[in-house]
Amino acid sequence: MAVGKGRNGIALGKVARREVLAGGAVLAGLALGGSGSVRAASSRVESLIARMTMDEKAGQLSCYSDMIRPPVGDINPLVNQRNTQQILADTRAGRIGVLMNGVGVEGALLAQTAAVEHSRLGIPLLFAADVIHGFKTVFPIPLGESASFDPTLALRTARAAAIEASSQGLHWTFAPMVDVARDQRWGRGAEGSGEDVFLGEVMAQARVRGFQGPDLTAPDSLLSTAKHFAAYGAVAAGLDYNTVDLSEETLREVHLPPFKAAFDAGCLAVMSAFNDINGVPSTANKQLLTDILRGEWNFKGVVISDYTADQELVAHGFAADDRDAARLAILAGVDISMQSGLYSRYLPGLVAQGLVPMSVVDNAVRRVLSLKEALGLFDRPFRSIDPKAQAANTATPAMRALSREAGARSIVLLKNDGDLLPLPTRGKKIALIGPFAQDVDNILGPWAFFGDKSLGVDLATGLREALADPNLLTIAKGCDVENVIPGGYDQAVAAARAADVVVLAVGESQNMSGEAQSRTEIGLPRVQQQLAELVAQAGKPTVVLLRHGRALVLEGAVKNARAILATWFLGSETGHAVADVLFGKVNPSARLPVSFPHESGQEPFVYNHRTTGRPAPQADDSQEYKARWRTTRNEALYPFGFGLGYASFALSDLSLSTTRLAWNDRLYVTAKVANTGKVDGEHVVQLYIRDRVASRTRPIRELKRFVRVALKPGEKREVRFTLDRSALMFVGDNDRWIAEPGMFDVWVANNAVDGLQGSFELLGA
Ligand code: NOJ
C-alpha cells in the first residue's frame, strides 16, 4: 500500500475554492489568508497572568448568559442565571471573562465599563452570541443557504450578519455550525450544510471568512466558532444529545474535515459538543480537544464548552461530581466553561490540591487573553459599542435586499411538470392555501432568536406585491401546523375550487427542527397531509411550497403535485424571495444539500454511503437476498445535488487529460455544459469520484468539486476541474490519510446519481 503525505483536508479545499469561485470577485479579497491568527502570547498577556489571582484566572475561563440584557426567547435552559447586579459585581471582581447572548450597546457599555474601569486588572469582557444566520435581518437557515452551492453568497450573508451584530456590541458568534448531518431525524441539520463533507468544508470556510472579515480587530469583525466538536451530527437515531458510536475512520473522514477547513480559514474558536464518542464525552475528550486539535492541527484558538456541557459529564456517568467534571474538562482541553460556573467554583481548589497543574490553567488563560488581544480589545475595549453604528447598521435596505436575494437563491425546484412554473403575474386566480400562507412566526427558522419579526414578509404579502392584480389572490389557512381548525378544510377546498392555480404552503413549523427537535417521522404533520389530499380533489394545478429544516418525506397529493419547491426557512424576506421564484423574476438554481428519501425508515440516508457485498440492482428491486427494503428501493426520491430550473442544461463531451494519473501529477476533467432552455439560467456542475477497489470499502460516490455556471439560452461552455492525489485520499490503517494506486470512476454530473462517467488509474509512486 502506498502511503501519501499527511492529508490536509484543506489542500483539497483550496484547489476546489479556486474553481468554485472562478469569477467570484466578492470572495477574492477575503479568500486567502483569513483574518484569524494569534501570535505567541505578548508581554502584556504574560504580565497579566503573572499578576492574576487564581480566582481571576478562573473568572477569565468562565462564560455566563448576559442577564443584563436577557435574550428574547428560550435559547438555553434557565440554569445558574445571574441578575444584572450579580453580573456587574462578578465582573468588577474579575470573575467573568465572557458574557453571552445579550445584545445592544447600552448593556454592553455598562458591563464593559465594569470590567475595564472597575475590575482590579481591567481585562475587557468578550461579548458572544448565537448569530447563526443573520441577526436582526435574518437570512436563510444555513442548510437552505447551502442549497445555493454558492460560497460567495454564504460569505456575503455572514459578513452582513457580522456588521449588524457587531454594531450591537458583539465580538463573537457561536457559528458556523459545521456538523455533518447524517440523519434527517436530527433537528440540528438546519444549522449546518447538510450531509456532505466537501460542501461542508467549502461553506464552513466561506462563513468563517464572512463573519471575521479581513481584519479581526475591525469593529465589524465577528470572531467565529466552529461547532460542535465533534461528531454531533452522528448522534444515534438522530436523537439530539444522544451517544455516538463511530469508527475512527468515519470520524476523521466525515466529521472532522469541516472543522479543519474552518480553522484553516482563520477560525479561532471551537465549541466542544454535548455528545460522547465511543464512550468518551467530547467535553472530556483529550484525544479530540488536545491531541488532534492542538497536536495534529496546531490550533491556536480557544475551546469553549457547549452550554453546561462540562457539568453534564456527571449525568453522562463520566465524572463523579461537579468538581470532578471541572477537572476532567480542563485537563482534556476545555479553556472556557459555558454557564455551569464550575471553573470558578472548583479550579482554585483543584489547583491548590495539585489535581490540576497551574500550568494547564495558565495555558487556558493565555489563550483567552491572547484572543482578546487578537480582537484588539485591550487597546480598544469599547470597540463595537457605538450607538451610531448600531442605528446605522441595523436592518439596512442593503441587508434586506441581500436577504431577499439569498432567499431566492436557496430555493430548490424539485418538480415542474408541464412547466407549470413560473406562474403568470396576471390573468390567473391563485389560491394560497396552508398554515404558512399568512404567517410570520415560521419564516425565520429555529435559530434566529434575535431576528426582528416585524421585518418579516410572509407569503401572502410577497405574492400580493408581485401580482399585477392583487385581488386575484385568495388566502385560506386550511389548518394549523399540527391541528385542525374549525371549518378550515372546507374553506380551503372552496378557495381551491374557485381558483385557477393552487399554491399550497405546507411543512414544518420552525419549532419542529433545531435543537432538541428530533423527529421519528420526517413527513408532513397528518393534518396538513389531509389538507393536501382534500385540496387535490378540486383538481387544480398545484404548486407545493415546502417549509422545513431538514429533508422531508413527501407522500400522496404533496408528492404528486405538479410543482414542488423546497423553501426551507428563508428568513426576513421569505415572501418576496418565494414570489421572485414563483413568478420567474428569479430562475431557481439551488441544489439539495441533503437527500430526500422515500420513507423515514430509510434514515440515516446519505448519498455517499458505502456499497455492500450484495448491492440491489438498479433495474430490478424485486431480487431476494439483496441489500434492499421490502417496501421501497434504497434510493432517494430526490437525490443530493438535485435541483431544476426554468432553463434546462445538457452535459456532454467528458474528457480526461489522462487516464493514467501519475502519483504527483494533476488530472484535468473537462466537460461541456449547454443551456438547452429558453431563458438565462445557472447550473451547478458537480464532480464525483469512486475509488473502485481499496483497502477500505469506499462510498459509492463522493462529491469532490462543483462549479456554478451562468449561461444564456443556446450558450455552451466548457467547465474544467482539477484533481490530484489529495482528492483521492481516505483514512486507512493507523488512522492515516492515504491514497492507493488503482482505478477510479469519475462523473461530471447534475446530481449524485446521474452524469457522464469516465475512469482513470492512479499510478503508484
Ligand atoms: C447550546 C447549543 O448547543 C449551542 O449551539 C449554542 O451555541 C449554545 N447553547 C449557546 O447558546
Side-chain angles (χ1 to χ4, degrees), residues 62-67 69-82 97-103 126-135 141-143 158 161 165 170-181 186-193 204 207-208 211 222-235 238-242 244 258-259 262 267 269-276 281-283 302-313 315-316 329 334-341 445-451 511 513-518 549:
S62 298
C63 165
Y64 297 102
S65 294
D66 184 345
M67 302 309 281
R69 325 161 262 176
V72 192
D74 198 5
I75 298 192
N76 287 296
L78 296 178
V79 296
N80 203 18
Q81 305 286 352
R82 291 156 151 66
V98 184
L99 282 178
M100 66 170 201
N101 283 336
V103 304
L126 265 171
F127 297 116
D130 289 288
V131 181
I132 311 296
H133 52 107
F135 184 61
I141 56 169
L143 182 64
L170 292 170
H171 310 126
W172 183 4
T173 177
F174 297 140
M177 188 191 98
V178 302
D179 300 314
V180 181
W186 191 50
R188 298 200 75 173
E191 294 168 61
S193 297
R207 290 180 176 134
V208 166
F211 285 130
L222 207 55
L223 174 75
S224 61
T225 311
K227 70 185 189 185
H228 306 83
F229 199 55
Y232 191 32
V235 285
L239 177 64
D240 206 7
Y241 317 121
N242 206 2
V244 170
F259 286 93
C267 174
V270 61
M271 187 182 290
S272 70
F274 287 127
N275 57 281
D276 72 346
S282 301
T283 301
V302 303
V303 178
I304 184 166
S305 75
D306 203 340
Y307 193 91
T308 63
D310 50 356
Q311 194 158 30
E312 292 170 21
L313 297 174
H316 270 292
V334 174
D335 299 315
I336 303 175
S337 159
M338 187 194 288
Q339 192 61 17
S340 67
W447 261 110
F449 296 98
F450 305 108
N511 297 334
S513 56
E515 186 173 347
Q517 305 307 326
S518 304

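When a ligand or atom number is given, it counts from 1 through the structure's own listing order. Index from 1, following the sequence. Both backbone and side-chain heavy atoms feed into the values below; hydrogens, waters and symmetry mates do not.
In this structure, Arg82 satisfies the cation-pi test against Tyr64, with its NZ or CZ atom closer than 6.0 Å to the six-membered ring centre and inside 45 degrees of the ring normal.
The side chain to side chain contact (heavy atoms under 4.5 Å, CB included) search around Asn242 returns Val235, Ala236, Leu239, not counting sequence neighbours.
No donor-acceptor distance shorter than 3.5 angstrom exists from the side chain of Ser65 to the backbone of Gln81, with no hydrogens or angles considered. Of the possible donor and acceptor atoms, none in the side chain of Ser305 sits under 3.5 Å from a partner among the backbone N and O of Ser272. Looking at Asp130, its side chain never comes within 3.5 Å of a backbone N or O of Asn101 through a donor-acceptor pair.
Taking all atoms of both residues into account, the shortest heavy-atom contact from Ser193 to Leu143 is C-CD1, 4.0 Å.
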Distances under 3.5 Å, N/O of ligand 1 against N/O of the protein: list each pair and its distance.
| residue | atom | partner | partner atom | Å |
| --- | --- | --- | --- | --- |
| ligand 1 | 3 (O) | Arg188 | NH1 | 2.6 |
| ligand 1 | 3 (O) | His228 | NE2 | 3.4 |
| ligand 1 | 3 (O) | Asp306 | OD1 | 3.4 |
| ligand 1 | 3 (O) | Asp306 | OD2 | 2.5 |
| ligand 1 | 5 (O) | Arg188 | NH2 | 2.9 |
| ligand 1 | 5 (O) | Lys227 | NZ | 2.8 |
| ligand 1 | 5 (O) | His228 | NE2 | 2.7 |
| ligand 1 | 7 (O) | Asp130 | OD1 | 2.6 |
| ligand 1 | 7 (O) | Lys227 | NZ | 3.1 |
| ligand 1 | 9 (N) | Asn76 | OD1 | 2.7 |
| ligand 1 | 9 (N) | Asp306 | OD1 | 3.4 |
| ligand 1 | 11 (O) | Asn76 | ND2 | 2.7 |
| ligand 1 | 11 (O) | Asn101 | ND2 | 3.4 |
| ligand 1 | 11 (O) | Asp130 | OD2 | 2.5 |

